[in-house]
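The chains referred to below are lettered A, B, ... by the order of the sequence lines, with proteins before strands, and numbering in each begins at 1. Heavy-atom basis, side chains included; hydrogens, waters and symmetry copies ignored.
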Protein chains: 2
Amino acid sequence: MTETRVPVPTLERLAIYLRVLLDAHESGIQTLSSQEMEQHSGISAAQFRKDLSYFGEFGKPGVGYSVQGLIACIERILRLDEEQPILLVGAGNIGSALVGYPNFRAHRLRIAAVFDNNFVKIGRPFGDLIIEDIARIREVNAQIGARLGIIAVPAHAAQEVADALVDAGVTGILNFAPTILRTPPHVHVRNVSFLQELAVLSYHAVEDALCVNGQARRGGDDGV
Amino acid sequence: MTETRVPVPTLERLAIYLRVLLDAHESGIQTLSSQEMEQHSGISAAQFRKDLSYFGEFGKPGVGYSVQGLIACIERILRLDEEQPILLVGAGNIGSALVGYPNFRAHRLRIAAVFDNNFVKIGRPFGDLIIEDIARIREVNAQIGARLGIIAVPAHAAQEVADALVDAGVTGILNFAPTILRTPPHVHVRNVSFLQELAVLSYHAVEDALCVNGQARRGGDDGV
DNA sequence: GCGAGATTGTGAACAAGTTCACAAACGCGC
DNA sequence: GCGCGTTTGTGAACTTGTTCACAATCTCGC
Ligand SMILES: NC(=O)c1ccc[n+]([C@@H]2O[C@H](COP(=O)([O-])OP(=O)(O)OC[C@H]3O[C@@H](n4cnc5c(N)ncnc54)[C@H](O)[C@@H]3O)[C@@H](O)[C@H]2O)c1
Ligand SMILES: NC(=O)c1ccc[n+]([C@@H]2O[C@H](COP(=O)([O-])OP(=O)(O)OC[C@H]3O[C@@H](n4cnc5c(N)ncnc54)[C@H](O)[C@@H]3O)[C@@H](O)[C@H]2O)c1
């Protein structure tokens with residue numbers, strides 16, 4: 001385990017492993033080999049072991065990994081070992097789905113406050129919370145101390161909301177709006193784009209249809 | 001342009017380019033250089049050109065790319081040049097956000113039918129649609145001919161829904177449920193996991209906080 | 001305690017994707 | 001038409017991430 005920078009794909013998979021482990025724990029399974037992890041996660045056993053090797057040694061040769069122990073380790077790595085408060089901005093469709101989502105709890109992620117700028121909405125209940133004025137975000141987060149924020153506002157408002165989140169002390173942003181956000185270097189942004197996902201599927205769906213129905217046809221495109 | 005298999009990251013970026021181009025078109029811009037694309041998309045000019053090179057030559061040296069022309073080309077590549085019907089399964093929170101989402105239109109993606117198995121919901125209106133019985137999915141898609149499906153049901157029901165979608169002729173699935181789906185090889189699946197995204201952010205958010213506040217502290221973890 | 005069988009952790013080989021750098025292509029002004 | 005500044009398209013170099021393969025480690029039964 002030579003301490004290098006951890007690849008992002010590894011972090012993404014860590015969350016998948018964690019889900020599998022929680023399921024296994026639920027089912028009363030005590031121990032899991034990398035082989036079994038491959039079965040359940042679809043990620044190769046070698047990849048699983050390599051991923052963990054960035055952080056230390058968690059398994060026992062000949063046995064596998066303690067489910068409970070590994071859960072604790074991965075949670076610690078991902079800082080999910082203690083509750084992570086989150087600021088949600090945008091009390092619309094997406095925001096609505098998120099506040100009601102029960103699975104966050106299992107990962108100790110909690111939406112701690114919701115903000116909007118529509119003063120018809122401000123003051124109204126939203127899930128367990130009351131919608132707050134976006135103007136008060138700094139002040140509110142002085143209490144909460146959240147490092148994570150979610151942007152669920154229309155694209156044209158996303159940048160100013162990002163600025164407000166950063167100003168309020170957030171260093172990680174999950175962005176649902178279809179825009180590129182400009183943020184200081186210490187702030188991490190991850191974009192969620194359903195359109196992008198569907199576009200990729202669209203390409204493949206038809207591509208494969210051609211290969212299945214017609215004869216497997218490759219190249220042939222003149223390109224001009 | 002040697003005809004090779006197109007990398008998935010390239011396809012993902014194609015959707016981003018398309019969005020930038022549509023914005024530019026909206027603003028009346030006629031021509032765009034790869035340099036300008038970098039400005040707007042955050043993706044390097046070289047990457048942009050390399051991505052396009054998988055599909056042909058679309059620009060003019062010394063000038064750049066015709067915005068309108070490139071929009072048409074990328075739409076054709078992503079099969080977004082004619083309407084793509086989509087089957088949505090699960091008329092819950094996520095489903096609700098999706099049916100009401102206006103941006104799909106701009107990409108010629110249309111949710112053509114919604115299915116659920118809760119017979120309190122079946123028959124009710126949902127956006128512009130009426131919720132259909134999941135049992136009728138094959139029959140309904142015989143009319144529609146959709147190749148794309150979205151799974152927005154609880155995790156425990158996701159696999160059977162996936163099977164139903166495949167049976168109905170779908171070859172691309174966007175999956176919101178936190179499970180690994182088992183599908184035939186010709187079916188492409190993309191998973192959307194907010195938890196995963198947040199977990200990655202959680203790692204970085206705190207990691208960076210340490211580097212900013214405390215002294216840049218690396219290693220030191222005993223790992224056992 | 002010791003051999004058999006299982007499984008880990010990891011360097012080394014490999015694959016995939018990104019960046020570089022430059023020749024070829026273009027438009028424009030003269 | 002011709003040189004000049006601009007920008008493309010792309011092989012080659014580089015970087016990053018994945019897979020392989022095997023020595024080292026552990027358990028268990030006897
Ligand atoms: N609905 C979907 O299925 C879907 C899918 C993909 C992406 N998105 C994107 O997610 C974002 C949110 O989508 P939605 O459907 O929830 O939108 P929505 O219109 O339902 O909600 C947006 C909310 O943001 C609030 N808002 C606007 N400007 C604000 C500001 N400056 N500060 C604070 N709040 C502000 C509005 O008052 C509204 O309550 C959009 O960018 C959309 O493109 C939505
Ligand atoms: N809500 C969120 O913010 C969120 C976030 C991330 C992931 N997800 C995931 O997305 C999925 C949907 O979430 P949601 O909040 O919309 O759930 P939901 O409970 O609001 O809706 C689920 C819908 O699926 C229907 N359904 C259940 N079994 C079915 C079956 N066999 N066939 C057809 N329909 C069936 C239910 O009747 C219900 O209408 C879940 O897997 C959830 O884990 C949700």
Looking only at the side chain of [X] (C-beta and beyond, no hydrogens), which of the listed nucleotides [options] gets closest?
| X | options | result |
| --- | --- | --- |
| B/Pro61 | C/dG27, D/dT19, C/dA25 | C/dA25 |
| B/Tyr54 | D/dC26, D/dT7, C/dT18 | C/dT18 |
| B/Pro9 | C/dT10, D/dT27, C/dG17 | C/dG17 |
| A/Pro7 | C/dG27, D/dG17, D/dT7 | D/dG17 |

Rounded to the nearest Å, what distance is computed from the [atom1] atom of residue [X] to the [atom2] atom of nucleotide [N]?
| X | N | atom1 | atom2 | answer |
| --- | --- | --- | --- | --- |
| B/Phe48 | C/dT19 | CZ | C1' | 16 Å |
| B/Leu52 | C/dG17 | CG | C1' | 16 Å |
| A/Met37 | C/dG9 | CE | C1' | 16 Å |
| B/Arg49 | C/dC20 | CZ | C1' | 10 Å |
| B/Lys50 | C/dT18 | NZ | C1' | 9 Å |
| A/Phe55 | C/dT8 | CZ | C1' | 17 Å |
| A/Asp51 | C/dT10 | CG | C1' | 13 Å |
| B/Leu14 | C/dG17 | CG | P | 14 Å |

side-chain N/O [X] vs [N] OP1/OP2, d < 4.0 Å:
| X | N | value |
| --- | --- | --- |
| A/Tyr65 | C/dG9 | yes |
| B/Gln47 | C/dT19 | yes |
| A/Ser34 | C/dT7 | no |
| A/Arg13 | D/dG17 | no |

Quick check against the 3.5 Å criterion: does [X] have a side-chain atom that pairs as donor or acceptor with the backbone of [Y]?
| X | Y | result |
| --- | --- | --- |
| A/Asp51 | A/Thr10 | no |
| A/Arg147 | A/Gly145 | no |
| B/Ser33 | B/Gly64 | no |

Answer yes or no for A/Arg79 and B/Tyr203: cation-pi contact, defined as NZ/CZ to six-membered ring centre under 6.0 Å and angle to ring axis within 45°.
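Verdict for B/Tyr203: a cation-pi partner in A/Arg79.
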Using the six-membered ring of A/Phe104, assess whether NZ or CZ of A/Arg110 lies under 6.0 Å from its centre and within 45 degrees of the ring axis.
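Ring-cation test returns no.
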Which is true for A/Thr10 with a 4.0 Å heavy-atom rule: it touches a base, it touches only sugar-phosphate, or it touches nothing?
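Since no nucleic acid heavy atom lies under 4.0 Å of A/Thr10, the category is nothing.
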